[in-house]
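Here's the structure we're looking at; comments come further down.
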Amino acid sequence: LGHSFTGNQKPSATHSKRMPGPMPWPLIGDLPRLGATASPFQAFSQMSRVYGEIYKLRLGSADCVVVSSFRLIKEVLIAKGAHFGGRPDLLRFHALFGGDRNNSLALCDWSSLQKTRRGIARTYCSPRFASSNYDQLDRVAGQEADCLLQHVDLHIRTTDSATVHIKPLLLAACANMFSSYMCSVRFKYEDTGFRDMVRRFDGIFWEINQGYAVDFLPWLQPFYSKHLAKLAGWTRDIRRFVHERVVEDRLQKSAAKEGGEPTSNEGAPKDFTDALLAHLRDDPSLTWHHILYELEDFLGGHSAVGNLAMLVLTAIVRHPQVGKKIQEEVDSITKGTRSINLFDKAEMPYTEATILETLRTTSSPIVPHVATQHTTIADYTVQKGTIVFLNNYELNTAAEYWEEPEQFRPERFISNGQIKKPEYFIPFSTGKRTCIGQKLVNGFCFILITRLLQHYDISAVDLEQIDTRPACVALPPDSFPLKITHRKCSILT
Ligand code: HEM
């Protein structure tokens with residue numbers, strides 16, 4: 001590495017308190033520097049070779065700081081998490097959430113409302129191993145995986161072709177896993193309202209993973225007004241679907257029951273939707289509007305899982321030996337007599353390691369944080385309102401953290417037959433704003449990948465067609481097809 005610090009070094013006591021960083025251009029600041037590479041995070045890493053583990057940037061009129069070492073990322077997210085609980089005030093974030101980004105759990109500033117919303121979600125999004133919610137997660141994942149396999153089979157039979165556009169099917173399966181688990185309702189893949197909802201969410205997931213000049217140059221807004229209106233339209237469509245097809249139905253059933261027998265709501269909530277409705281009744285600080293946004297936010301989590309699963313398949317077709325090893329692991333557990341379930345995960349380190357290695361190599365960015373008070377990082381002054389980029393791309397790809405980081409090697413996460421994650425591997429971030437969905441991601445993705453590979457051999461139709469971006473866990477809504485054929489040796493097929 002060209003830079004002189006390591007994750008363990010302290011900054012020299014003699015350094016100037018003036019934070020290093022390039023000289024910004026008038027008006028646009030350092031924005032062009034971020035356009036020089038495929039991902040702004042690559043540019044962040046390149047600049048860290050010049051300016052060090054912490055440096056300042058000016059993006060448009062926004063003061064920003066980029067932190068690239070694990071030592072300082074921990075200082076921001078853990079030791080001083082309370083000073084950095086805000087999020088940037090970007091126009092697109094507002095457009096995606098009904099004109100107010102505080103409607104979103106990931107893009108809002110920290111508040112007591114956010115604490116409440118996270119609290120409601122925790123039981124359902126992070127179910128304890130062997131709890132009734134964990135059993136439910138296993139059940140819905142297994143049932144939906146069966147439906148996915150039926151749809152893939154149907155596709156292969158009716159088109160008489162092994163070329164399958166698997167991404168929409170994966171996303172539909174994920175959407176149903178989420179809606180079954182959180183709302184006790186699933187939809188037919190042919191249902192056009194459902195398909196549109198899945199497609200809109202996928203568009204938004206792709207969108208949220210992009211950066212645009214207008215994010216930091218709001219005076220460009222007139223040039224983006226059509227785009228912003230399109231995003232607002234997508235969120236309205238999703239709202240209509242969730243309201244009409246998920247919540248209304250639930251409320252009607254509940255009202256019908258209240259007229260007669262006591263409702264099931266009087267006991268423990270039966271799912272996340274029930275829990276949200278119970279909080280709405282009991283907590284005067286919550287409104288109907290909050291409940292709907294929270295439900296939509298979590299249902300939308302399915303896009304992240306579907307895109308990640310697609311990226312795992314992409315890694316597998318690029319590295320066929322990885323798929324073979326997963327199949328060997330599947331076969332040794334099931335002996336060809338049953339389907340994989342969530343409780344097998346602990347015995348299948350290679351499969352779990354493949355998902356982890358995909359998370360490392362795709363390196364989903366940590367949502368930028370914002371200083372909510374005047375504070376410091378590594379003794380440098382940071383003004384209230386400063387945007388802080390946590391460069392986890394550097395943590396995931398630098399040679400000081402990983403041996404041969406450019407290689408896709410799931411084995412790096414296995415030690416003595418067990419999963420071993422280094423502490424600097426934080427794909428879901430850490431601290432008070434850490435991702436709430438990681439158990440759902442790991443559980444659903446594990447089932448999707450194992451069940452697909454249990455039944456099929458999956459390879460590339462055309463490796464050249466497969467295009468992935470660095471530091472991005474999203475693929476464009478219209479992605480490449482894969483070649484899917486029945487496994488010759490599978491007893492279950
Ligand atoms: C590929 C899958 C996913 C990855 C890599 C991922 C990663 C992340 C990261 C890096 C953050 C930012 C944390 C921070 O700012 O410090 C985050 C926030 C968040 N994630 Fe995820 N996530 C994934 C899927 C999900 C799913 C499926 C859900 C919901 C079911 C979810 C819910 C959230 C929420 C609510 C936040 C915001 C937390 C807050 O700001 O308080 N995520 N995620």
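Note that ligands are numbered from 1 as they come in the structure, with each ligand's atoms numbered from 1 the same way.
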contact_flag F178 ligand 1 heavy-atom lt 4.0 Å: yes
Pair S68, E394: side-chain N/O donor-acceptor within cut-off below 3.5 Å: no
Close N or O approach (H369, ligand 1; < 3.5 Å): yes
Nearest neighbour in protein (non-hydrogen) for atom 24 (C) of ligand 1: V441 CG2, 3.4 Å
Heavy-atom nearest neighbour in the protein, as seen from atom 13 (C) of ligand 1, with distance rounded to 0.1 Å: R433 O, 3.0 Å
Atom 21 (Fe) of ligand 1 - nearest protein heavy atom and its distance: C435 SG, 2.3 Å
L105: numbered ligand 1 atoms lying under 4.0 Å from its heavy atoms: 35 (C), 37 (C), 39 (C), 40 (O), 41 (O)
Distance from atom 37 (C) of ligand 1 to nearest protein heavy atom, with residue and atom: A106 CA, 3.4 Å
Atom indices of ligand 1, in the order listed, that fall short of 4.0 Å to a heavy atom of Q114: 39 (C), 40 (O), 41 (O)
Any side-chain donor near an acceptor of the partner, H94 and D89, under 3.5 Å: yes
Main-chain N/O of Y293 paired to N103 side chain as donor or acceptor, under 3.5 Å: no
Atoms in ligand 1 with a heavy atom of R118 nearer than 4.0 Å: 38 (C), 39 (C), 41 (O)
Test item: R250 side-chain N/O and C183 main-chain N/O as donor-acceptor pair under 3.5 Å: yes
Any donor-acceptor pair under 3.5 Å from D344 side chain to N341 backbone: yes
Heavy atom of the protein closest to atom 3 (C) of ligand 1 (residue, atom name, distance): F428 CE2, 3.6 Å
Side chain, backbone, both or neither: C108 near ligand 1, heavy atoms under 4.0 Å: neither
Reported CD-to-CG distance for the pair E75 and D379, which is rounded to 0.5 angstrom: 7.5 Å
Heavy atom of H302, distance to ligand 1 below 4.0 Å: no
Q438 near ligand 1 by a heavy-atom separation under 4.0 Å: no
Heavy-atom nearest option to atom 1 (C) of ligand 1, drawn from A304, G301, G300: A304
R92 side chain vs L231 backbone, donor-acceptor pair below 3.5 Å: no
Nearest protein heavy atom with distance in Å, relative to atom 26 (C) of ligand 1: G437 CA, 3.8 Å
Check: N307 side chain, L475 main-chain N or O, donor-acceptor pair, under 3.5 Å: yes
E144 side chain to C174 backbone, donor-acceptor under 3.5 Å: no
Ligand-side contact atoms (ligand 1) for residue partner S429, heavy atom cut-off under 4.0 Å: 13 (C), 14 (C), 16 (O)
Distance-only polar pair, side chains of S179 and R245, donor-acceptor under 3.5 Å: no
Within reach of ligand 1, part of R87 (heavy-atom separation under 4.0 Å): side chain
Pairwise side-chain contact, M47 with L57, heavy-atom cut-off 4.5 Å (strictly under): yes
T351 and K345: side chain donor to acceptor below 3.5 Å: no
Proximal atoms of ligand 1 relative to P365 (non-hydrogen, under 4.0 Å): 10 (C)
Side chain, backbone, both or neither: the part of P427 lying under 4.0 Å from ligand 1 by heavy atom: backbone
Interfacing atoms of ligand 1 (cut-off 4.0 Å, heavy-atom, S364): 5 (C)
Nearest-contact summary for atom 30 (C) of ligand 1 - protein heavy atom, Å: F298 CD2, 3.5 Å
Side chain, backbone, both or neither: the part of V367 lying under 4.0 Å from ligand 1 by heavy atom: both
Side-chain touch D30/K56, heavy atoms, less than 4.5 angstrom: no
